[in-house]
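Working notes for the structure below.
In listed order, ligands and their atoms are each counted from 1.
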Amino acid sequence: MNGMVTATIERLEATGHATREELELLLGEVEPEAATELFAAADRVRASAVGDEVHLRALIEFSNYCRRNCLYCGLRRDHRELSRYRISPDKILETARGAALLGYRTVVLQSGEDAAYSVNTLAELVRAIKNECDMAVTLSIGQRSEEEYRLLRKAGVDRFLLRIETSSPTLYVELHPDSDWHERLGCLRTLQRLGYQTGSGVMIGLPGQTVGMLADDLLFLQALDLDMIGVGPFIPHPSTPLAEAVGGDLGLTLRFVACLRLLCPQALIPATTALGTLHPEGRERALQAGADVLMPNATPLQYRERYQIYLGKICTGEEAAECRQCVVEMVTRMGRCVGTGHGHSRRHTGAVAARCS
Ligand code: SAH
Ligand code: SF4
């Protein structure tokens, strides 16, 4: 095996640091033994830094309306054939209650950028969830004003997910005709300043994205000092301008996840649904390459098909209870265990690495 790759992995594992060139080497085409070594190093760092627990988050996709037109996404506003839905706050609350009964300690409320949900509506909903259920609340609703983020935080929102998608402003402009990279980064900084446990991330395999850009992404995400980092392969949607694109590769996405764990030992890193959609064992393999979070779908069944960020998403036909059961079995099979706490950022709680007995 290439001795330089081995030495780079060893140094990265020992120090948590790597140069752009070293990361390019690890992300590029490596021999299978080198990839195995990289995954094993990430798995060791995951075990010692954050432990063996896998944290589950119930995902409720509450609206597929979106005012934006991101080229890669099936929810973009120009996708006119998509039948749109909005779940009422009452129904979202009922769904969240159901998730709490199943044992979830975190609910993630996700949607397109949908102004129909005013900040007051969302704040009231979050207060009700926090009053009734012993759950942390994460929002993933895109860009809002600083004032709105402040009010939502005050209402009790614990965490916010906002992917930067790529650290390259030039690539970002090509994929987002109506959005500004610097503005999005500004939102992330605001969220951090307001005390949210903040998550970001990128997509792997975007058209025009190079391995060098991905190495930059890794360093960028490390420097942002995030609580959570979610990455997944880009999966082309046939009704978007990027229908003919190639999309993300399993091996490259896994190598990226592994490098993330080595660069950010404390971060919460999900094994994403997109990875599970790309490959039947995508999520298991990510859990063995540094990941420690899963986000099973808890959206009421009748809406699942229509939350078409990409097509072919796994588990669209399963009730929330089945989805949870399926991931609990996956976690147990792997000799890990499901986290029983809220799974807050360790940077906020100072929690120690938990072992599964
Ligand atoms: N509207 C919000 C949240 C929903 S989209 C937002 O954009 O922040 C959540 C994530 O889905 C996006 O950040 C993007 O990284 C991912 N996504 C969108 N289209 C995708 C595709 N075709 N393949 C894989 N992931 C995609
Ligand atoms: Fe809307 Fe988010 Fe999809 Fe962009 S990625 S079109 S903001 S749902």
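Distances from atom 3 (Fe) of ligand 2 show that Cys66 has no N/O/S atom below 2.8 Å.
Residue Tyr307 places no N or O, backbone or side chain, under 3.5 Å from any N or O of ligand 1. Backbone and side-chain nitrogen or oxygen atoms of Gln110 are examined, and none is located within less than 3.5 angstrom of a nitrogen or oxygen of ligand 1. For Ser140, no nitrogen or oxygen atom sits less than 3.5 Å from a nitrogen or oxygen atom of ligand 1, counting backbone and side chain alike.
Heavy-atom contacts of Gly112 reach the following atoms of ligand 2: 8 (S) (cutoff under 4.0 Å). Taking a cut-off of under 4.0 Å to the non-hydrogen atoms of Met203, the atoms of ligand 1 that pass are 14 (C), 15 (O), 17 (N), 20 (C), 24 (C), 25 (N), 26 (C). For ligand 2, the atoms sitting less than 4.0 Å from at least one non-hydrogen atom of Cys70 are 4 (Fe), 5 (S), 6 (S), 7 (S), numbered in the order shown with element in parentheses.
The protein heavy atom nearest to atom 19 (N) of ligand 1 is Ile309 CG2, 3.1 Å. Looking at atom 21 (C) of ligand 1, its nearest protein heavy atom turns out to be Ile235 O, 3.6 Å.
Ring geometry for Tyr196 against Phe160 counts as perpendicular: the plane angle is over 60°, on a 0 to 90° scale with 30° as the lower cut.
Taking the centre and axis of the six-membered ring of Phe39, the NZ or CZ atom of Arg285 falls outside the cone set by 45° and 6.0 Å.
Leu206 and Leu27 are assigned to two separate hydrophobic clusters, defined by single-linkage of ILVMFWY side chains at heavy-atom distances under 4.5 Å. By the rule that hydrophobic residues join a cluster once side-chain heavy atoms approach within less than 4.5 Å of another member, Ile229 and Leu191 end up as members of one cluster.
Within the 4.0 angstrom cut-off, atom 2 (Fe) of ligand 2 has no protein heavy-atom neighbours.
Heavy atoms of Pro233 found under 4.0 angstrom from ligand 1 belong exclusively to the backbone. Neither the backbone nor the side chain of Cys66 comes within 4.0 Å of ligand 1, counting heavy atoms alone.
Compare Arg184, Arg68, His237, Gln308 by their heavy atoms: the one nearest to atom 6 (C) of ligand 1 is in Arg184.
In this structure, Asp178 CG and Asn69 CG are separated by 5.5 Å, a value rounded to the nearest 0.5 Å.
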- request: Apply side-chain contact (heavy atoms from CB on, under 4.5 Å) to Asp114 and Ile141, showing your working.
  value: CA-CA 8 Å; Asp114 185 0; Ile141 58 170; over 6 Å; no
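Summarising the geometry of Arg159 relative to Thr106, their closest heavy-atom pair is NH1-OG1, 3.0 Å, with the distance given to 0.1 Å.
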